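Since the structure comes first, as structure tokens, the remarks are kept for the end.
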Amino acid sequence: MVRKTSTTQRDIEHELRQRSRSDMAAEVIRLRTENSQLLEENARLLEDKTNADERNAELVLTVASLASALVKARLTLYSMTCTPDYMALPPEILLSIFRFTQPDPHMHSPSFTRNTWLNGLRTKKALTLVCEAWSAPATTVLYEEIVFRRVGQIPALADTLRGENGSRLAALVQSISMVTCAIWPFCAEVAEEDLAYILGQCSNLATFSFVGHPDLPFAHFLDGTTTPAPRAFFDRNAFNPTWFLDSRPGRVGDCLRERLVHGLCSLSIDLTCDVSAERLIESRYNGPFFSLLTHGTCLTSLTVGPVQRVRESMSLPLPPLHFPALRNLYLDIAERNFHDYVQFQWKLPVLTRLTLISDIDPLPLIQVHGSGLTYLALFHSIPQKHLLPSLSSVLPVISHLAIQLDNELDTLNIHSSSLHYLDIFPEQRYPTVKLYKSISLSKDARAPCLQNIRLMTAGIGENTPVYYPLLCDPERLRGDVSHFQGDDDDADWMEWTTGGIVYRFGDDIVRQKWWCVTNDPRAYADFTPPPGHRDGSDEEEDNDYEYESPSDSSDDSVSCTDSDSSSASSSDPGLHEGPFDRETILGMFRRRLE
């Protein structure tokens, strides 16, 4: 390589020595001209590059603008063609949300026309009409709880279940209640047949409840007859049915028995009846009623009462009853034989909650069934102060006890290692601060876990609010006597009418404080405020005590399946005619909806 380079260099030097100066000058001029041309071309290319860079920058901005416009166009198209997020929620989430629109079942009563239950029903019906996506879960919420308040609603629901989607709708029904549903003779036969059909179709039924109308007598079914209520016997007036006692094949009692066998877990039978009428629970009817209960092996909750009479002769003994799953029991016992029947022939191995209303000494029954009780509400005509010293032996795991006591509360001899809450129903109507301050334990008392003692209202009228202790959970509020501002009438008035947690149970307005649960007296016309005390209506703005009386308008009753209806009236034309067939009754019911 060195040799070749040297040879080339020598060749160039030799060539230059051979060329003339004029020739070399011409070559230099030519080279300078070419260099000038190259410089010009380079400048032109640089200018083109600058222009290209500027154009590229413009294109970048155009692309960004187009991309932004494309995103906006896609969002607009998405909003026009796609389902909103809340509409795309899974059905099970919608189902939970829809259920939360309903009021607490213990804080309303379908027997009152203007209440939260009625508002909740209207909400359920409205949800089914929002859109197709909501239809299925909203329909589930609408049909899972059926309440019959008017006799025409029974054939109306049966007609729906006989339709094209009847099987699907029947599978949704979880609860059926008959609440003060008066039965009229002209439609009794059809209503009985349709109620049996409904019970037969609702295979997933978990709860059945019957509450008779307090102002109407019970009509007993007659052996071997086809109609449960002879019209002439009741002078063509409305009555409470006893169809659930008729165990003949295909009848209501037989269908209810099938539901008990196949998983009904909650049964409530209110046997209240007019004192002037023949008692429902008597010798000829004990058999069907208690035979029905023999199939309640799946029951977890049972409400029975008030039981006025059972058969006096034990020559035909009542069947022993075993409730292996029953945890919650409510009994209203006014008769010794029934008390003994529960005590000796009922097996309740897992019972944890008992509400007992009885004029008979409850201690023997509690000694038999109280070993597993954690809650006991005891209502007896005689105060049960003598029960407190024996709690450890009679109720070894009791946590919450509600009993009636006299006003001598300064020496409560409580012996219980498990009791957390004691609720006392005193003799007076309203609990007072002075009475509460008098509460004290005796020197021999042993209650290491006791957290609070409350005074409970005696209720309005003759009905003692037996469910207040459990529903007004004592754990929600805590306090001590230092919170009181005196103990005179003014202090009582302030405690009854301000603060705390306000509940509305049916037509009662209840205020829960840490030391008491009491009716708000301003809701009742028969209460007289303390002398010289202002009612405070110009100071308190929330008006929690006000209660709106039920209206008599024709749209205050809502069918469990579709629209509003009004109750039958003895003044309606054609009411004393009949009996009517199913189509006639449905026609009458639907005309009332128009």
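In what follows, residues are counted from 1 in the order of the sequence shown. Since the structure is predicted, the reported quantities are computational estimates derived from the model, not experimental observations. When reading the values below, keep in mind they use all heavy atoms of this one structure, side chains included, and skip hydrogens, waters and symmetry mates.
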On the 0 to 90° scale, with breaks at 30° and 60°, tag the Y341-W346 ring pair as parallel, tilted or perpendicular.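 Answer is perpendicular, since the angle exceeds 60°.
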Donor-acceptor under 3.5 Å ([X] side chain, [Y] main chain):
X: T352; Y: R327; value: yes
X: Q153; Y: R149; value: yes
X: N452; Y: L422; value: no
X: S416; Y: L419; value: yes
X: H420; Y: S418; value: yes
X: Y436; Y: C516; value: no
X: H295; Y: H262; value: no
X: R353; Y: T374; value: no
X: T101; Y: I97; value: no
X: S177; Y: V179; value: no

With side chains defined as the heavy atoms from C-beta onward, is the minimum distance between [X] and [Y] less than 4.5 Å?
X: I333; Y: I357; result: no
X: V510; Y: T518; result: no
X: P469; Y: Y375; result: yes
X: R454; Y: P474; result: yes
X: I176; Y: L205; result: yes
X: F244; Y: I269; result: yes

Point-to-point distance, once rounded to the nearest 0.5 Å, from [atom1] of [X] to [atom2] of [Y]:
X: L395; Y: H415; atom1: CG; atom2: NE2; result: 14.5 Å
X: D340; Y: L365; atom1: CG; atom2: CG; result: 9.0 Å
X: T180; Y: H213; atom1: OG1; atom2: NE2; result: 5.5 Å
X: L351; Y: N328; atom1: CG; atom2: CG; result: 8.0 Å
X: F379; Y: D359; atom1: CZ; atom2: CG; result: 13.0 Å
X: Q367; Y: Q343; atom1: CD; atom2: CD; result: 8.0 Å

Going by side chain to side chain donor-acceptor pair (under 3.5 Å), name the residues that satisfy it together with Q102, two or more places apart in sequence or in a different chain.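 Residues passing side chain to side chain donor-acceptor pair (under 3.5 Å) with Q102: none at all.
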[X] versus [Y], closest heavy-atom pair with distance:
X: R476; Y: L471; answer: NH1-O, 3.7 Å
X: T432; Y: W515; answer: O-CZ3, 3.5 Å
X: G253; Y: L292; answer: O-CD1, 3.9 Å
X: P91; Y: P137; answer: O-CB, 3.9 Å
X: M178; Y: P241; answer: CE-CG, 4.2 Å
X: P324; Y: V350; answer: O-CG2, 3.3 Å

Are R99 and E144 ion-paired here, with the side-chain N under 4.0 Å from a carboxylate O?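 Looking at E144 together with R99, the answer is yes, because their closest N to O distance falls below 4.0 Å.
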Where do W243 and F210 land on the ring-ring contact (aromatic ring centres under 6.0 Å, His included) test, with the steps shown first? CA-CA 11 Å; W243 300 331; F210 173 82; 8.8 Å; no
For Y430 together with W493, are the ring centres under 6.0 Å from each other?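 No, ring centres 6.0 Å or more apart.
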Set out, in order, the CA-CA distance, both residues' side-chain angles and the distance that settles side chain to side chain contact (heavy atoms under 4.5 Å, CB included) for H400 and D423, then state yes or no. CA-CA 8 Å; H400 188 179; D423 288 335; 2.6 Å; yes
